[in-house]
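Structure first, then comments.
Bear in mind that the values here come from a model prediction, so they are computed numbers and not experimental data.
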Amino acid sequence: MKILLVEDSATIRHAMCSYIRAAGHEPVVSESGEQSLQILENTPVDMIIMDVEMPGLDGFETTRLIREWLGEHWIPIIFVTGKSEDASLEEGIAAGGDDYLIKPISQIILNAKIRAMERITAMRNQLSKLNEELTILSQRDSLTQLYNRRTFEDKAMDIWHMSSRSRNPFTILLLDIDHFKLYNEGYGHVAGDECIKRVA
């Protein structure tokens with residue numbers, strides 16, 4: 001994975017980068033919250049490790065901005081902090097964080113949290129793919145794979161509104177299969193289904 005490390009301490013940055021590389025991932029380094037926002041504009045990343053206590057934009061403020069900017073696109077964010085109080089942990093989760101690391105950082109614990117977030121990301125991606133497939137299935141007729149009546153009505157209404165706003169005409173074609181009832185009765189339903197599929 002490409003992991004964005006947001007950390008203002010050069011010493012901790014150096015150690016964390018070596019831990020991330022040792023785990024088989026690529027670190028992308030940012031020294032401040034402001035710089036991390038600039039990096040994210042041009043560089044897609046798979047995970048963010050965010051220091052909480054930084055001058056300027058702190059980790060919580062930066063995370064809120066990142067979550068707002070990303071919208072529905074989810075990236076796991078792990079906070080790194082010297083504070084272990086419950087209130088700080090609660091504030092971090094409310095800001096959009098997914099997990100916490102307490103300084104000093106243990107390489108073993110960091111690797112474990114990265115692996116856990118990697119698994120969660122994989123499961124979310126799989127779920128998202130299944131949801132897309134279900135959406136497509138719910139929009140299509142099972143026999144012809146053309147849009148079903150409900151989807152047709154929704155799309156036709158969208159086109160109607162668009163045409164009304166822009167005052168541009170649109171056309172609807174109604175296609176029928178001549179003598180299909182006789183064909184279906186003569187050759188059977190399997191042949192009838194095949195005929196519908198070929199016409200579609």
Check: Would you say the side-chain atoms of T144 and D141 include a donor-acceptor pair closer than 3.5 Å?
Finding: yes
Note to self: Is there a side-chain contact between L65 and L57 in this structure, where contact means two heavy atoms from C-beta onward sitting under 4.5 Å apart?
What the structure shows: yes
Checklist line | Ring center gap for Y147 and F152 short of 6.0 angstrom | finding: no
Check: Can you tell me if H25 uses its side chain to pair, donor with acceptor, with the backbone of K2 under 3.5 Å?
Finding: no
Note to self: Using a 3.5 Å distance criterion without hydrogens, assess whether the side chain of S36 forms a donor-acceptor pair with backbone atoms of G33.
What the structure shows: yes
Notebook entry, point to check: So, the side chain of K113 versus the backbone of Y100: is there a donor-acceptor pair under 3.5 Å, distance only?
Noted result: yes
Notebook entry, point to check: Is a side-chain donor or acceptor of R64 paired with a backbone partner of A95 at a separation under 3.5 angstrom?
Noted result: no
Check: Counting only N and O atoms by type, is there a donor-acceptor contact under 3.5 Å from the side chain of N148 to the main-chain atoms of S138?
Finding: yes
Next item on the list: To the nearest 0.5 angstrom, please state how far the CG atom of D46 sits from the CG atom of N125.
Entry: 9.0 Å
Next item on the list: Check whether any side-chain heavy atom of I78 sits under 4.5 Å from a side-chain heavy atom of I48, and report yes or no.
Entry: no
Notebook entry, point to check: According to the interplanar angle, ranging from 0 to 90°, do the rings of F60 and F79 count as parallel (below 30°), tilted (30 to 60°) or perpendicular (above 60°)?
Noted result: perpendicular
Margin query: Has T121 got a side-chain atom pairing as donor or acceptor with M117's backbone, closer than 3.5 angstrom?
Written below: yes
Margin query: Treating S18 as the side-chain partner and A15 as the backbone partner, does any N or O pair qualify as donor plus acceptor under 3.5 Å?
Written below: yes
Item checked: Cationic N near anionic O, under 4.0 Å, R67 to D98 -> yes
Notebook entry, point to check: What do the steps show when you test D154 against T151 for side-chain hydrogen bond (donor to acceptor under 3.5 Å, both in side chains), and what is the final call?
Noted result: CA-CA 5 Å; D154 290 343; T151 308; 5.6 Å; no
Item checked: Donor-acceptor contact present, side-chain D58 to main-chain E53, <3.5 Å -> no
Notebook entry, point to check: Which value, rounded to the nearest 0.5 Å, describes the distance between I102 atom CD1 and T81 atom OG1?
Noted result: 6.0 Å
Note to self: E153 and side-chain hydrogen bond (donor to acceptor under 3.5 Å, both in side chains): which single residue from K155, R150, R149 fits?
What the structure shows: R149
Next item on the list: Classify the ring geometry between F180 and Y183 as parallel (under 30°), tilted (30 to 60°) or perpendicular (over 60°).
Entry: parallel
Check: Hey, is R13 close enough to E31 for a salt bridge, meaning N to O under 4.0 Å?
Finding: yes
Checklist line | Spacing of H189 atom NE2 and E194 atom CD [to the nearest 0.5 Å] | finding: 15.5 Å
Notebook entry, point to check: Okay, side chain of S163, backbone of I159: is any donor-acceptor separation there less than 3.5 Å?
Noted result: no
